[in-house]
Amino acid sequence: MDARPIGIFDSGAGGLTVLHECLVTMPHEDFVYLGDGARCPYGPRPAGEIRRFAHEIASYLEQSGVKLIVAACNAATSAALPQLQESLAVPIVGVLVPEAHAAVQATRNRRIGLLATEATVASGRYEEIVHALDAGVRVVSVACPKLVPLIEAGVVGAELDVAVREYAAPLREAGVDTVILGCTHYPMIRRVFERVFGRGTTLVFSAEETAREVAETLERKGVENDQARAGATRFLTTGEPGEFRELGERFLQLPISRVEQVSVRELERAAA
Ligand code: DGL
């Protein structure tokens with residue numbers, strides 16, 4: 001048994017979709033969620049900068065005493081996961097492998113679409129992982145720069161609908177039967193994707209697949225917490241705590257009594 005919490009981080013509120021699935025799967029665990037709101041979005045940034053941010057946050061979480069870190073951000077996972085795993089002692093789970101694996105299992109016509117941020121698409125990591133599992137699968141990728149800023153701003157309605165339809169069009173033309181929603185913010189607008197793609201397309205979200213991977217990892221390493229207890233979550237942000245709390249409560253449908261602010265300086269110090 002291991003009573004230490006699990007650390008989860010994202011560029012902003014998107015990783016809450018992973019936290020939610022973890023709370024459903026592992027209600028007995030404690031979590032520390034860190035959203036880097038002050039530097040969100042990561043998607044338009046160069047890989048080296050995202051790698052630096054991810055390293056700072058993961059170091060901060062490791063030093064705070066977590067037993068496992070979930071990089072609940074596709075952009076951070078695609079830019080930094082191998083380097084994080086090399087440089088830190090704590091196990092780190094990313095969001096790409098679980099999702100790619102689920103998509104390869106689900107596709108019937110071996111044509112998979114990917115919708116993600118610019119950084120994730122540019123990294124080419126999804127194609128690499130999908131091809132390592134099935135070299136005969138065709139992957140059609142579309143970068144969606146408008147979505148994270150709209151989701152973080154809580155915008156729903158025509159603007160969001162139009163943007164999703166625009167990004168989905170090349171995937172529909174390519175006849176994909178499975179779509180990887182390769183950004184942890186996207187389950188927050190799950191219903192929009194479901195309407196745009198309809199029933200015939202399998203949508204793969206990172207949150208469910210990643211929570212499964214986290215639960216399996218804890219079990220296999222023998223570091224689960226006592227199953228009889230009720231877990232608690234601490235929320236940290238580099239951004240504005242009030243905004244984070246509002247978005248978080250709305251999405252999680254969970255009262256959040258306190259959001260702690262961490263400065264970017266503190267994160268930089270942790271990695272120094
Ligand atoms: N949730 C992050 C991801 O999964 C969003 C990246 C961003 O901030 O652009 O990629």
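In this text, all values refer to a predicted model and were calculated from it rather than measured experimentally. Order of listing sets the numbers, starting from 1, for every ligand and every atom in it. Side chains included, hydrogens not; waters and symmetry mates left out as well; all remaining heavy atoms used.
- Of the charged side-chain nitrogens involved, none lies within less than 4.0 Å of a carboxylate oxygen, so that R45 and E118 do not count as a salt-bridged pair.
- By the 4.0 Å N-to-carboxylate-O rule, E194 lies close enough to R190 to be salt-bridged with it.
- For Y42 and F53, the ring centers sit closer than 6.0 Å to each other.
- With K67 as the fixed residue, the salt bridge (Lys or Arg N to Asp or Glu O under 4.0 Å) test singles out one of E224, E62, E29: E29.
- Heavy-atom contacts of A75 reach the following atoms of ligand 1: 3 (C), 10 (O) (cutoff under 4.0 Å).
- Electrostatic pairing of R191 and D161 does not count as a salt bridge here, judged by no charged N lying under 4.0 Å from a carboxylate O.
- Residue-ligand proximity, D10 to ligand 1, at heavy-atom distances under 4.0 Å covers atoms 1 (N), 2 (C).
- Under 4.0 Å from ligand 1, heavy atoms of T184 appear from its side chain as well as its backbone.
- Near Y42, meaning under 4.0 Å from one of its heavy atoms, ligand 1 places the atoms 7 (C), 8 (O), 9 (O).
- Distances from atom 4 (O) of ligand 1 to the heavy atoms of L16, N74, T120 show the closest one on N74.
- Within the 4.0 Å heavy-atom criterion, the part of S11 lying near ligand 1 is the side chain and not the backbone.
- The distance from ligand 1 to the heavy atoms of G43 drops below 4.0 Å at these ligand atoms: 7 (C), 8 (O), 9 (O).
- Ligand 1 has C73 within reach: a non-hydrogen atom of the residue lies less than 4.0 Å from it.
- The pair E260-R245 does not count as a salt bridge, with every side-chain nitrogen at least 4.0 angstrom from each carboxylate oxygen.
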